[in-house]
Number of protein chains: 2
Amino acid sequence: MSERIPERGKRGPRPRRAVTLRVIAREAGVSASTVSRIINGTVKVSDELKSAVEAAITKHDFRPDAAARGLALGRTLTIGVLSQAIDSPFYAEGLRGVERRLLEAGYAALFMSGNWNEVDEERCLREFIDRGVDGIIMFSGRLGDAAVKEFAKRVPVVVTGRSLRAAHTYSLPIDDRRGALLAMRHLIGIGHRRIAFIAGSENHPDALERLAGYQAALGEAGIPFDPRRVASGDWHEEGGLLATSRLLESGVDFTAIFCVNDQTAYGAYLALFRKGLNVPKDVSVVGFDDLPASSYSLPPLTCVRQSVRTLGERAAEAVLALIAGRRPRIDSPPVEIVVRDSTRRI
Amino acid sequence: MSERIPERGKRGPRPRRAVTLRVIAREAGVSASTVSRIINGTVKVSDELKSAVEAAITKHDFRPDAAARGLALGRTLTIGVLSQAIDSPFYAEGLRGVERRLLEAGYAALFMSGNWNEVDEERCLREFIDRGVDGIIMFSGRLGDAAVKEFAKRVPVVVTGRSLRAAHTYSLPIDDRRGALLAMRHLIGIGHRRIAFIAGSENHPDALERLAGYQAALGEAGIPFDPRRVASGDWHEEGGLLATSRLLESGVDFTAIFCVNDQTAYGAYLALFRKGLNVPKDVSVVGFDDLPASSYSLPPLTCVRQSVRTLGERAAEAVLALIAGRRPRIDSPPVEIVVRDSTRRI
DNA sequence: GCACCATCAGAAACCGGTTTCAGACCGGCC
DNA sequence: GGCCGGTCTGAAACCGGTTTCTGATGGTGC
């Protein structure tokens with residue numbers, strides 16, 4: 001009855017765990033091994049010992065130390081999850097999906113942000129390895145495939161937004177090109193022919209694929225590609241705002257804008273609003289992602305939906321499968337067009 | 001030259017670490033203790049041994065196992081961070097701030113979501129304890145103060161959004177009442193007298209404080225409080241949408257709406273938009289939080305700013321101080337009004 | 001030249017679990 | 001009654017680090 005938490009801050013060595021497995025063992029009059037076996041159910045133990053131990057466990061509210069267990073077992077029940085920014089609404093959705101699935105499986109997630117920066121990404125991944133994570137999930141990211149494969153030698157890695165074939169690796173690519181095609185077909189289908197495109201940052205593979213889809217759709221419809229209708233953004237609201245302003249000032253005409261992602265579209269909205277232009281009356285706008293906020297933008301945004309949350313869930317499933325030694329058979333969630341109020345027939 | 005990663009998945013026991021401290025020691029011809037001392041710089045070691053060991057370390061790219069180190073040291077350089085939902089733009093900002101500060105200090109964050117649910121919150125906190133975190137940061141949350149204090153016996157706890165005095169505990173309260181007062185004074189100052197309020201969920205302390213601020217401001221201005229002008233929401237867009245619709249249909253008149261938070265305001269925006277009402281021409285709207293998206297809403301939202309990111313940074317500083325045994329002297333970031341385009345003088 | 005002290009390195013114990021290995025005990029069978 | 005086999009338990013080793021404790025070495029002072 002007198003277990004006290006070890007004194008804190010009172011000089012002396014670091015605070016240590018008050019009640020350990022050996023304490024329980026002593027109290028129940030058994031050996032440490034027996035307690036361990038009962039907790040994990042690895043070996044049959046007689047009922048009387050079991051109940052004595054269980055009584056001691058509940059009495060002290062004992063729960064084994066995860067670090068010690070991780071050390072002994074060689075696994076930590078932790079997955080390292082690398083996104084680019086924890087406060088980006090896009091990644092946040094994905095993280096949510098990951099979190100949920102991992103929780104169900106008894107795993108915890110160690111989230112870190114790569115800041116769209118190769119160096120930071122590599123630092124995070126190293127940190128994951130050092131902390132002995134059992135697997136890694138990587139949301140997009142700039143880090144080269146070779147580096148990723150190197151990490152995959154240590155621990156299973158699931159990547160989204162790219163294709164990568166290597167041992168202990170699984171990819172959930174995003175069909176950017178098809179998504180862009182769907183968006184453009186929607187616009188073309190409702191009569192638009194002069195369609196501007198606000199791209200992501202120049203060197204980004206997703207951005208290039210979406211641009212390729214934009215061009216392919218124009219080709220399909222026999223509309224000539226006019227580079228003056230392409231402005232580059234930065235995947236964020238601000239880039240969308242600036243790009244749209246530039247387009248408007250440049251004098252090229254367009255009846256619709258396809259934005260590389262929803263956040264860019266929000267920026268475009270604001271630029272149009274400031275010029276007194278109405279969406280969709282004067283300009284139709286299409287986004288890409290279907291962030292939760294897009295249902296509440298004014299007007300609600302027509303966009304290509306890729307369920308990032310589902311993507312996160314599937315990434316979690318895939319990494320768990322890899323850990324279990326199974327080969328995942330999991331597809332990326334499909335892209336589809338969600339028509340709301342930001343586009344209109346002309 | 002022949003270190004191989006232990007075979008994975010090939011039956012046999014779990015994959016284990018290929019290169020350990022003892023491997024380095026053997027290679028450099030010294031004892032394990034010496035390697036440890038060199039890595040941590042705890043004791044002076046002769047230069048020649050040091051360089052031999054360092055050579056071996058870089059050759060094998062050795063980095064000590066965090067779990068083992070954590071076990072030996074009794075600390076994990078990990079902070080448990082409990083928010084309510086990782087994909088909420090509000091908490092995401094805070095987590096970002098936490099992440100940044102912790103990273104600077106060499107700590108990692110274990111993020112978990114409490115889902116506005118006492119049971120989940122407690123489960124998360126227990127998980128933190130089991131995993132041996134060195135400290136806990138808790139963003140708002142429904143868990144009772146008594147339970148929080150219980151956890152604080154095991155490990156330092158920093159809470160935001162509430163006041164709590166206990167050992168190994170630090171609070172960063174949010175001045176909800178003052179924030180609400182600022183919002184209301186702004187509206188009243190530009191001529192509004194019939195001001196609706198969309199509250200958060202009924203039993204939430206922050207919601208109650210903001211309501212109190214709303215009432216206090218009315219009192220200051222000698223405006224009678226009319227409960228028909230208060231509608232309850234759920235802190236999310238949907239609640240704002242529904243509450244605003246109810247207000248509009250109820251027939252009570254108002255020239256402005258003060259929303260308990262920005263997300264509620266976004267919902268209000270959409271409800272007004274659907275009714276063909278213009279913000280701010282027909283109705284002025286004020287939010288609370290100043291989420292990043294509020295700069296890009298249409299029109300950009302006037303709101304009370306509380307820098308959640310700063311709050312997160314300060315929470316991180318506070319928990320680090322507690323861990324170091326220092327008593328933090330850190331204030332919550334101030335609330336202030338940010339006037340944009342959603343309010344106008346009448 | 002010898003005693004003494006400071007400095008540095010290694011052996012061993014430890015952190016808190018898990019697991020191997022060996023032994024105790026029991027029952028069944030010849 | 002003795003032998004065999006199966007079941008259950010405990011002692012000890014192990015995971016990969018850190019730290020205490022002890023011993024060796026070299027330098028200094030007298």
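Proteins get letters first, then strands, A, B, ... in listed order; numbering begins at 1 in each.
Side-chain atoms of A:Leu125 and A:Met138, non-hydrogen and from C-beta on, do get closer than 4.5 Å to each other. Contact annotation: the side chain of A:Thr76 never approaches that of A:Arg131 to less than 4.5 Å [non-hydrogen atoms, C-beta and beyond].
In terms of phosphate contacts, B:Thr34 brings a side-chain nitrogen or oxygen within less than 4.0 Å of OP1 or OP2 of C:dG10. Side-chain nitrogen and oxygen atoms of B:Thr20 include none within less than 4.0 Å of the OP1 or OP2 phosphate oxygen of D:dG16. Contact annotation: B:Arg69 reaches the phosphate of D:dT18 (side-chain N/O to OP1 or OP2, under 4.0 Å).
Distance A:Ile38 CD1 to D:dT9 C1': 11 Å, rounded to the nearest Å. One interatomic measurement links the two molecules: CG of B:Asp47 to C1' of C:dT7, which rounds to 14 Å at whole-angstrom precision. Atoms CD1 (B:Ile39) and C1' (D:dG17) sit 9 Å apart, rounded to a whole Å. Rounded to whole angstrom, the span from the CG atom of B:Leu21 across to the P atom of D:dT19 amounts to 12 Å. Across the protein-nucleic acid pair, B:Lys50 atom NZ and C:dA9 atom P stand 10 Å apart, rounded to whole Å. Atom P of nucleotide D:dC8 and atom CD of A:Glu48 are separated by 12 Å, given to the nearest angstrom. Rounded to an integer number of Å, the gap from CG of A:Asp65 to P of C:dG17 is 6 Å. With rounding to whole Å, B:Arg26 atom CZ is found 20 Å from C:dA9 atom P.
Annotation: of the two residues near DNA chain D, A:Ala32 and A:Ser46, the 5′-most nearest-nucleotide partner is A:Ser46. Map A:Arg22 and B:Arg37 each onto its nearest nucleotide of DNA chain C; the residue landing nearer the 5' end is B:Arg37. Nearest-nucleotide mapping onto DNA chain D: of A:Ala68 and A:Gly29, the residue sitting toward the 5' end is A:Gly29.
Nucleic acid contact for B:Leu49: sugar-phosphate only, since backbone atoms but no base atoms lie under 4.0 Å from a heavy atom of the residue. Residue contacts shown for B:Ser33 include a base, since a base heavy atom lies under 4.0 Å away. Across all strands shown, B:Val30 has heavy atoms under 4.0 Å from sugar-phosphate atoms exclusively, and none from any base.
Rounding to the nearest 0.5 angstrom, the gap separating the CZ atom in A:Phe62 from the CD atom in A:Glu54 is 13.0 Å. Here the CG-SG distance, from B:Leu143 to B:Cys124, works out to 10.5 Å after rounding to the nearest 0.5 Å.
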| task | Please lay out, stage by stage, how A:Ser36 and A:Ser33 fare under the test side-chain hydrogen bond (donor to acceptor under 3.5 Å, both in side chains). | result | CA-CA 5 Å; A:Ser36 171; A:Ser33 358; over 6 Å; no
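In this structure, of C:dG17, C:dC8, C:dG10, it is C:dC8 that holds the atom nearest to the side chain of B:Lys44.
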